[in-house]
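Position 1 is the first residue of the sequence; numbering continues from there.
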Amino acid sequence: MTPPDPRPVIDCLVNVHFGETETQPDFMTKVRDDYFKGPPSMFDPVDLAELLDEMDKHGVRKAILMDNLAKPSVTARKFADERPDRFALAMGGMNLLRPVKSMRELTAVAAGLPVAYAVVGPSFWADGQYPPSDAVYYPLYAKCAEIELALCVNTGLPGPPIPGEVQNPIHLDRVCVRFPELKLCMIHGADPWWDIAIRMLIKYRSLRLMTSAWSPKRLPDSLLHFMRTRGPDKVIFASDWPVLRQHRVVPEANALDLPAHVLDNYLYHNADKFFFGTDTDEER
């Protein structure tokens, strides 16, 4: 008897660029060794065929690969060029302290490449000095709203030993008020501020949360309750591969105590609509 096809998945955060440098920054090795207890192979170069094989086994129809304006990922752009049906890009590396040139570059790249969203991690630049409510981010917010490009912002305490207060999701409250046209997504969960994040998701129509870098079986009950009740269209799946591999997190996600339609939204439909503009209501 032929086994059923796996439930369709979009993996919204995949790293294929780690192997492009011989050595990683100290904070990355600390994350691997102390936080995720990952193997040394986490930072090896990525083989396209092996990645596609893992995706196929677990129903991952499309993956969004991390890229960078300041230091473009040769691997991510090569994969997206060779398999545009399977890969899109997430663009980071904007210079928010010199925004005019950087926003021009973002506009050009988003027009010429399959960019699904822009991304910024407040703890990971300028020594964590600027929370997302600071005006230094405003050119990025305005540009993403103008070109209708979703923006993902890291929330929750970061794994590396760097300042984390700027990633409290409450800093996005004023952003959502001032930029209601902006499609905004919190990524990497929101620990230890889950309740704030959930309240924000209820409050703002254009806000989402991505569970990248979180094992689904470790997600808090409060978030799962929200997904079952008021937020079936608000939470988006991602692995943060290879930090967490698809062969681990996709089965964990499928095992969550969620109604089938909520699980389908979480794994596929919410991302398809939010990042790719596909209205899947008729399909459901």
Side-chain angles (χ1 to χ4, degrees), residues 10-15 64-70 73 76 88-126 128 130-156 158 166-190 193 196-197 200-201 203-213 233-238 240 270-278:
I10 296 176
D11 190 342
C12 292
L13 203 163
V14 168
N15 303 282
I64 301 177
L65 310 178
M66 293 298 292
D67 198 359
N68 193 288
L69 274 183
S73 169
L89 301 173
M91 196 61 56
M94 287 74 69
N95 183 356
L96 302 183
L97 299 178
R98 293 291 185 270
V100 174
K101 180 175 182 290
S102 197
M103 293 307 100
R104 287 173 179 162
E105 292 174 347
L106 177 62
T107 302
V109 168
L113 295 174
V115 179
Y117 62 81
V119 59
V120 63
S123 287
F124 291 85
W125 70 280
Y130 301 103
S133 54
D134 193 281
V136 74
Y137 293 87
Y138 282 18
L140 177 62
Y141 299 152
K143 179 55 66 177
C144 286
E146 177 190 348
I147 65 176
E148 299 182 337
L149 180 66
L151 175 65
C152 291
V153 178
N154 288 33
T155 47
V166 292
Q167 295 192 170
N168 187 326
I170 195 61
H171 293 299
L172 296 173
D173 189 40
R174 291 182 182 273
V175 177
C176 291
V177 170
R178 291 174 178 170
F179 297 90
E181 305 88 352
L182 176 64
K183 294 198 300 181
L184 188 62
C185 183
M186 301 175 279
I187 63 172
H188 293 345
W193 303 296
I196 294 174
M200 297 269 290
L201 290 167
K203 185 177 180 182
Y204 296 112
R205 179 178 294 181
S206 61
L207 187 63
R208 301 291 186 273
L209 182 140
M210 186 191 298
T211 61
S212 47
D233 60 342
K234 287 285 194 168
V235 183
I236 291 170
F237 172 81
D240 202 17
N270 291 345
D272 198 32
K273 188 171 184 178
F274 193 70
F275 293 127
F276 299 105
T278 303

Any [X] side-chain heavy atom under 4.5 Å of [Y] side chain:
X: L96; Y: M103; answer: yes
X: C152; Y: M210; answer: yes
X: M186; Y: L201; answer: yes
X: L184; Y: C176; answer: yes
X: V100; Y: P139; answer: no
X: F276; Y: I64; answer: yes
X: Y130; Y: V166; answer: no

Measuring from atom [atom1] of [X] to atom [atom2] of [Y], what distance do you get when rounded to the nearest 0.5 angstrom?
X: S206; Y: K183; atom1: OG; atom2: NZ; value: 10.0 Å
X: C185; Y: K234; atom1: SG; atom2: NZ; value: 10.0 Å
X: L151; Y: F179; atom1: CG; atom2: CZ; value: 10.5 Å
X: T155; Y: H171; atom1: OG1; atom2: NE2; value: 11.0 Å
X: Q167; Y: L172; atom1: CD; atom2: CG; value: 10.0 Å
X: L69; Y: L106; atom1: CG; atom2: CG; value: 5.5 Å

* Given T211, D272, I187, N270, the one that forms side-chain contact (heavy atoms from CB on, under 4.5 Å) with I236 -> N270
* Asked: Could you walk me through whether N95 and E105 pass the side chain to side chain contact (heavy atoms under 4.5 Å, CB included) check?
  -> CA-CA 10 Å; N95 183 356; E105 292 174 347; over 6 Å; no
Closest non-hydrogen atom pair between [X] and [Y], with its separation:
X: P132; Y: V153; result: CG-CG1, 4.1 Å
X: A110; Y: I147; result: CB-CD1, 4.2 Å
X: P169; Y: M200; result: O-CE, 3.3 Å
X: D11; Y: D240; result: OD1-N, 4.4 Å

* Asked: Are T107 and L149 close enough, and set up right, to give a side chain to side chain contact (heavy atoms under 4.5 Å, CB included), and what steps lead you there?
  -> CA-CA 9 Å; T107 302; L149 180 66; over 6 Å; no
* Start with the C-alpha gap between L13 and H188, add the side-chain angles, then the distance that decides, and say whether side chain to side chain contact (heavy atoms under 4.5 Å, CB included) holds. => CA-CA 10 Å; L13 203 163; H188 293 345; 3.5 Å; yes
* Asked: Under 3.5 Å, is there a donor-acceptor pair linking the side chains of Y141 and R178?
  -> no
* To do: Any pair with a residue in residues 93-118 that passes ring pair (Phe, Tyr, Trp, His ring centres under 6.0 Å), sequence neighbours left out, goes on the list, sorted by first then second residue, please.
  => Y117-F275
* **Under the salt bridge (charged side-chain N to carboxylate O under 4.0 Å, His left out) test, residues paired with D233 that sit two or more places apart** =>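 D233 satisfies salt bridge (charged side-chain N to carboxylate O under 4.0 Å, His left out) with no other residue.
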* Asked: Taking D67 for the side chain and S73 for the main chain, is one N or O donor matched with an acceptor at less than 3.5 Å?
  ->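 Side chain of D67 to backbone of S73, a donor-acceptor pair under 3.5 Å: yes, one is there.
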* List the steps and the verdict of side chain to side chain contact (heavy atoms under 4.5 Å, CB included) for Y137 and V175. => CA-CA 9 Å; Y137 293 87; V175 177; over 6 Å; no
